[in-house]
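Counting starts at 1 for both ligands and their atoms, following the listed order.
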Amino acid sequence: MTDEHGADSTTRRDAERRAGTGTRHGADHGLAVLEGRARSLDAADRLAAHRGAFAAAPGVVSYLDGNSLGRPTADAAERLRSFTADQWGGRLIRGWEEGWFEKPLTLGDRLGSATLGAGPGQTFIGESTTVVLYKLIHAALDMRPDRTEIIADSANFPTDRYLIHGIAEERGLTVRWLEPTDVDAAPSDATVTGIRPDQVADVASDTTALVLLSHIDYRTGYIADLPAITDIAHRAGALVVWDLCHSAGAMPLELDEWDVDFAAGCTYKYLNGGPGSPAFGYVASRHIRTATQPIRGWMGVANAFEMGPSYEPHPGIRRFVSGTPAVLGMVPLESMLDLVDEAGMEAIRAKSTALTDFVVELFDELLAPLGVRLGSPRDGSLRGGHVTIHHDLCEAALPALWERGIIPDFRRPNGLRLGPSPLSTGFTEAYEGVLGIRDALLEAGASGG
Ligand SMILES: Cc1ncc(COP(=O)(O)O)c(C=O)c1O
Ligand SMILES: Nc1ccccc1C(=O)C[C@H](N)C(=O)O
């Protein structure tokens, strides 16, 4: 691997590591080299200017929690203010006829084309991810009424597991829980697990109704082979529902091309929609006319304002809308989609991978010597937007980190997830964050180095 100066960076890093393990002077030199490298990565970053498009966060030195809650864009506050004053305040009830009623679908289309690889008329903005998943799981199961099994990940995000447990119980179905297996780990790293296509192939059969998995594992950041697993499910005659919470806005998706049936994801992580911003759902056009969903509300019918006697689902994707959409909650997301359009998803993913590669490099230099273990794939092509590390003192180190404006995400029992959101995070910021984690772990009693 060569860097922008043409030097062989692997060889150079080895030399730096040796320099850093010597005298105090050597250690300082090692840090200076890492910091210099961060600065040169920032200087070469074609998306660096976009960092200025996010609101300042006073006292925050390093924000590494884009995988949980993205930062507000700089104009989100003004957009919310002007929406409140001019649209809500000025147009009042007339606003529903002037775009609000259509917003779940117009913004869905925009999100679909900017980030999901979804043609128009297949994406809607709904409620929380949990509720949208609930609708899609039921819709898929209703399309396979004679089948009795669901395939799911036993270590998926709790909401996915709880939904599957509940729905399977309600419908008398059996769940084939897959245990995540090793996917990519150097011997010195923690075990990195995920769901592999062969595991799905082993259990998929003509009794499988549905496969529900996350595209990017919320713990390890491992990217599942979505096209291969979708193909395996289809060969068995089953349908797929993909949870895209950790991929939407972090990497380009091609839902139409990959033949996905249903998908859902949140908009408050890498899409920076803000706390509680509504989730999106995707339904492939080939299913829309036959798919039904369980939350039959007045806004999902062919003509809501007729206030008809019974529920007649709209022929299009609107049938997945239930009640009054969270129009106010969609305002910041529009601002982020402007930035995504400017930057392009390919460039966003390239920067995301460069950032997490750099975090892994910093991990090797600064944290591995303290006995911290890497819990994410080393291979950038298998890694989503965050890097997970494990050490028993992570929880003890957290208050000092927050105090210093270094904000990773703690996951019990001993994990820190470092999620440098590509448009809002710089390489020097990532360096400051990992350096702060090293110092806080040392202060909490870690030894080595
Ligand atoms: C994989 C995954 N699914 C679902 C959710 C959340 O669901 P909700 O938006 O309903 O809280 C998250 C994160 O919160 C997640 O990481
Ligand atoms: N929605 C939240 C509300 C409060 C605290 C965290 C979240 C998260 O999004 C967690 C995230 N999904 C995770 O992968 O852990």
> Counting non-hydrogen protein atoms only, what is the nearest one to atom 1 (N) of ligand 2? Give residue, atom name and distance.
Tyr268 OH, 3.1 Å
> Parallel, tilted or perpendicular for Trp242 and His215, by the 30°/60° rule?
perpendicular
> Looking at atom 10 (C) of ligand 2, would you say a protein heavy atom lies below 4.0 Å from it?
yes
> For atom 3 (C) of ligand 2, decide whether some protein heavy-atom distance is shorter than 4.0 Å.
no
> Determine whether any heavy atom of Arg219 lies closer than 4.0 Å to an atom of ligand 2.
no
> When only distance counts, is Arg411 in polar contact with ligand 2, meaning an N/O pair under 3.5 Å?
yes
> Between Arg318 and Phe101, is NZ or CZ placed under 6.0 angstrom from the six-membered ring centre and within 45° of the ring axis?
yes
> For Lys269, counting its heavy atoms only, list the atoms of ligand 2 lying under 4.0 Å from any of them.
8 (C), 9 (O), 10 (C), 11 (C), 12 (N), 13 (C), 14 (O)
> Under the rule for ring pair (Phe, Tyr, Trp, His ring centres under 6.0 Å), what residues qualify as partners of Trp402, not counting sequence neighbours?
none
> Specify whether Tyr218 and His246 have parallel, tilted or perpendicular ring planes, treating 30° as the upper limit for parallel and 60° as the lower limit for perpendicular.
tilted
> Using the test ring pair (Phe, Tyr, Trp, His ring centres under 6.0 Å), find all partners of Phe363 that sit at least two apart in sequence or belong to another chain.
none
> Would you please say whether a donor-acceptor pair under 3.5 Å links the side chains of Asp259 and Thr230?
no
> Please determine, by modelled atom types, if Arg71 and Ser424 share a side-chain donor-acceptor pair under 3.5 angstrom.
no
> Taking only heavy atoms of Tyr218 into account, list the atoms of ligand 2 that are under 4.0 Å away from them.
14 (O)
> For ligand 2, is Cys245 a contact, meaning one of its heavy atoms is under 4.0 Å away?
no
> When the side chains of residues 157-169 are checked against the rest of the protein, which donor-acceptor pairs come out under 3.5 Å, sequence neighbours left out?
residue, atom, partner, partner atom, Å
Thr159, OG1, Thr130, OG1, 2.8
Arg161, NE, Asn156, O, 2.6

> Answer yes or no: does atom CD of Glu170 have more than 12 heavy-atom neighbours from other residues, nucleotides or ligands under 6.0 Å?
yes
> With heavy atoms of Arg417 as the reference, note each atom of ligand 2 found under 4.0 Å away.
13 (C), 14 (O), 15 (O)
> Where is the nearest protein heavy atom to atom 8 (C) of ligand 2: which residue, which atom, and how far?
Ser68 OG, 3.4 Å
> Thr193 and Thr191: side-chain donor and acceptor closer than 3.5 Å?
no
> Students should find this: residues with any non-hydrogen atom under 4.0 Å from ligand 1. What is the answer?
Ser128, Thr129, Thr130, Phe157, Thr159, Asp160, Ser214, Asp243, Cys245, His246, Tyr268, Lys269
> Is His246 close to ligand 2, meaning an N/O of one under 3.5 Å from an N/O of the other?
yes
> Under 6.0 Å from the CG atom of Asp86, do we count more than 12 heavy atoms belonging to anything else shown?
yes
